[in-house]
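Reviewing the structure listed below.
Numbers for residues simply follow the sequence, beginning at 1. First listed ligand is number 1; within each ligand, the first listed atom is number 1.
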Amino acid sequence: MKKITNSFKETAAFGKELTAKLTGGTIVLLSGDLGAGKTALTKGIAKGFGIKNEITSPTFTLMNVYQINKKTSQIKTLVHIDTYRLKDEKELIEIGAEDYLGKDNTVCIIEWPEKISKLLQNTNVKKNKIISISIEHQPNSNQRKISLA
Ligand SMILES: Nc1ncnc2c1ncn2[C@@H]1O[C@H](COP(=O)(O)OP(=O)(O)OP(=O)(O)O)[C@@H](O)[C@H]1O
Ligand SMILES: [Mg+2]
């Protein structure tokens with residue numbers, strides 16, 4: 001599935017719509033260059049889950065964990081991981097990220113997933129729980145192509 005967006009707002013809105021498709025244990029792999037809109041999409045997903053906190057990029061913290069308080073949601077935790085500055089997969093393991101991957105009542109979103117491909121292969125995550133999304137810049141500066149597999 002492909003979607004063209006023309007602004008931050010449209011990308012976030014697309015993320016918000018996606019929320020309905022996310023079941024517990026899902027891992028969303030978000031690929032795309034710097035400034036593609038991975039965090040923008042994550043903000044939309046968080047909004048869809050009713051998270052009121054401001055979503056900031058976990059570039060330095062590596063992982064941010066948000067509680068979902070929406071009564072109607074089976075999913076209780078949203079985990080946002082950004083591996084851009086990660087030097088070694090061990091760093092993520094040390095902060096407990098593995099415990100969240102594939103966990104029943106949790107959705108994990110991972111920016112720069114290619115950097116932890118080994119970790120993702122080694123964890124007990126079902127293939128059908130992985131959603132791969134790539135966001136690409138387009139020649140028009142505010143346009144992005146979002147592809148979902
Ligand atoms: N169609 C669009 N969708 C999303 N963001 C857009 C769009 N057009 C312009 N932008 C701008 O592009 C930037 C996207 O930033 P964002 O932090 O979401 O990227 P990112 O992919 O998470 O980058 P990084 O790898 O640095 O974390 C924002 O400044 C946003 O306003
Ligand atoms: Mg980002």
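- At least one heavy atom of G35 sits less than 4.0 Å from an atom of ligand 1.
- The N/O atoms of W112, backbone and side chain alike, include one that comes under 3.5 Å of an N/O atom in ligand 1.
- Heavy-atom contacts of A36 reach the following atoms of ligand 1: 19 (O), 20 (P), 21 (O) (cutoff under 4.0 Å).
- By the 3.5 Å distance cut-off applied to N or O atoms, E111 is counted among the residues near ligand 1.
- With a heavy-atom cut-off of 4.0 Å, A12 does not touch ligand 1 at all.
- In this structure, the side chains of I81 and I109 stay at 4.5 Å or more apart for every pair of heavy atoms.
- Under 4.0 angstrom from ligand 1, the non-hydrogen atoms of L34 come from both its backbone and its side chain.
- Among all non-hydrogen protein atoms, the one lying nearest atom 1 (N) of ligand 1 is N142 O, 2.9 Å.
- With hydrogens left out, the protein atom closest to atom 4 (C) of ligand 1 is T11 OG1, 3.3 Å, a heavy atom.
- Under a 4.0 Å heavy-atom criterion, D33 is in contact with ligand 1.
- With hydrogens left out, the protein atom closest to atom 25 (O) of ligand 1 is K38 NZ, 2.7 Å, a heavy atom.
- At least one donor-acceptor pair closer than 3.5 Å links the side chain of T123 to the backbone N or O of L119.
- With respect to the Mg ion (ligand 2), E111 has OE1 as its nearest N, O or S atom.
- Within the 4.0 Å heavy-atom criterion, neither part of Y84 lies near ligand 1.
- For atom 31 (O) of ligand 1, the closest heavy atom belonging to the protein is F8 CB, 3.7 Å.
- Within the structure, the closest approach of R144 to ligand 1 falls below 4.0 Å when heavy atoms are considered.
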